[in-house]
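For reference, the structure is listed below as structure tokens.
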Amino acid sequence: MSTRLLYHGFGIIGTHYVRTRYKKGEVIFTVKKEPASLRCPVCGSREVLQKGKVMRVFRTLPIGRKQVWIKIAIPRIKCLSCGMIRQIKPTF
């Protein structure tokens, strides 16, 4: 599967598809943030270092009767321009 369904169906951009799991009538898409799209949420600089990550799960629109979840690792970054350390905002 490519990122086309995630983009056209759910509006998820700036990510890369990792895998799909089916669990108890649910569909779980795992995606990861593309490193080239990382920017500082304060100043917008691309000069950032990744300082860890947090796994988050978002519920989205169902497909038929199945609940759909998006699982993504949200990176925590340090900006080399302004010095801020923050988690980036999801792009969906």
Side-chain angles (χ1 to χ4, degrees):
M1 175 185 163
S2 68
T3 57
R4 294 182 116 188
L5 173 65
L6 297 172
Y7 174 71
H8 292 290
F10 301 109
I12 298 173
I13 58 174
T15 60
H16 180 71
Y17 170 79
V18 177
R19 69 180 180 161
T20 303
R21 285 185 23 216
Y22 304 96
K23 179 180 160 185
K24 297 182 183 176
E26 297 178 340
V27 180
I28 304 164
F29 293 113
T30 303
V31 297
K32 67 179 181 178
K33 190 75 173 155
E34 292 178 353
S37 67
L38 292 179
R39 289 180 175 249
C40 175
V42 176
C43 69
S45 172
R46 288 184 184 221
E47 297 179 24
V48 295
L49 295 175
Q50 190 168 341
K51 293 286 189 177
K53 58 187 169 186
V54 165
M55 287 302 288
R56 295 196 50 197
V57 180
F58 298 92
R59 185 168 72 179
T60 186
L61 297 173
I63 298 176
R65 293 184 177 178
K66 297 190 182 294
Q67 282 291 332
V68 178
W69 302 87
I70 306 295
K71 184 176 179 181
I72 184 170
I74 304 292
R76 183 172 173 238
I77 59 169
K78 178 180 181 179
C79 180
L80 300 176
S81 296
C82 68
M84 296 299 291
I85 297 176
R86 298 261 171 104
Q87 282 184 354
I88 62 164
K89 294 181 181 179
T91 55
F92 52 92

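Just so it is clear, the model here is predicted, and its values are computed rather than measured.
- A pairwise comparison of heavy atoms in R39 and G44 identifies NH1-O, 3.1 Å as the closest pair.
- V31 and L5 fall within a single hydrophobic cluster, where Ile, Leu, Val, Met, Phe, Trp and Tyr are joined by side-chain heavy atoms under 4.5 Å apart, directly or via other members.
- Counting only heavy atoms from C-beta outward, the side chains of S45 and C82 never approach each other to under 4.5 Å.
- Side-chain contact between F58 and W69 is absent, with no heavy-atom pair separated by less than 4.5 Å.
- Counting only heavy atoms from C-beta outward, the side chains of L38 and R46 never approach each other to under 4.5 Å.
- For the pair R21/E26, no side-chain contact is recorded, criterion being any heavy-atom separation below 4.5 Å from C-beta on.
- Around the OH atom of Y7, the shell of radius 6.0 Å holds no more than 12 heavy atoms that belong to other residues, nucleotides or ligands.
- Hydrophobic clustering of Ile, Leu, Val, Met, Phe, Trp and Tyr side chains at less than 4.5 Å, counting indirect connections, unites Y17 with I74.
- With rounding to the nearest 0.5 Å, the separation of NZ in K32 from OG1 in T15 is 11.0 Å.
- Counting only heavy atoms from C-beta outward, the side chains of K71 and M55 approach each other to under 4.5 Å.
- Linking ILVMFWY residues whenever their side-chain heavy atoms come closer than 4.5 Å, directly or via other members, leaves V57 and I72 in distinct clusters.
- When side chains are defined from C-beta on, T20 does not count as touching T30, because their heavy atoms never get closer than 4.5 Å.
- In this structure, P41 and I77 approach most closely via the heavy-atom pair CD-CD1, 3.9 Å.
- Note on V68 and V18: separate hydrophobic clusters, where clusters join Ile, Leu, Val, Met, Phe, Trp and Tyr whose side-chain heavy atoms are under 4.5 Å apart, directly or indirectly.
- The shortest side-chain heavy-atom distance between L49 and L80 falls under the 4.5 Å cut-off.
- Taken together through direct or relayed side-chain contacts under 4.5 Å among Ile, Leu, Val, Met, Phe, Trp and Tyr, Y22 and L6 form part of one hydrophobic cluster.
- Among all heavy-atom pairs drawn from K78 and K51, the shortest one is CB-CG, 4.0 Å.
- Shown are R86, Q87, K33; of these, the side chain to side chain contact (heavy atoms under 4.5 Å, CB included) with P75 is made only by K33.
- The side-chain heavy atoms of I12 and I70, taken from C-beta on, include a pair separated by under 4.5 Å.
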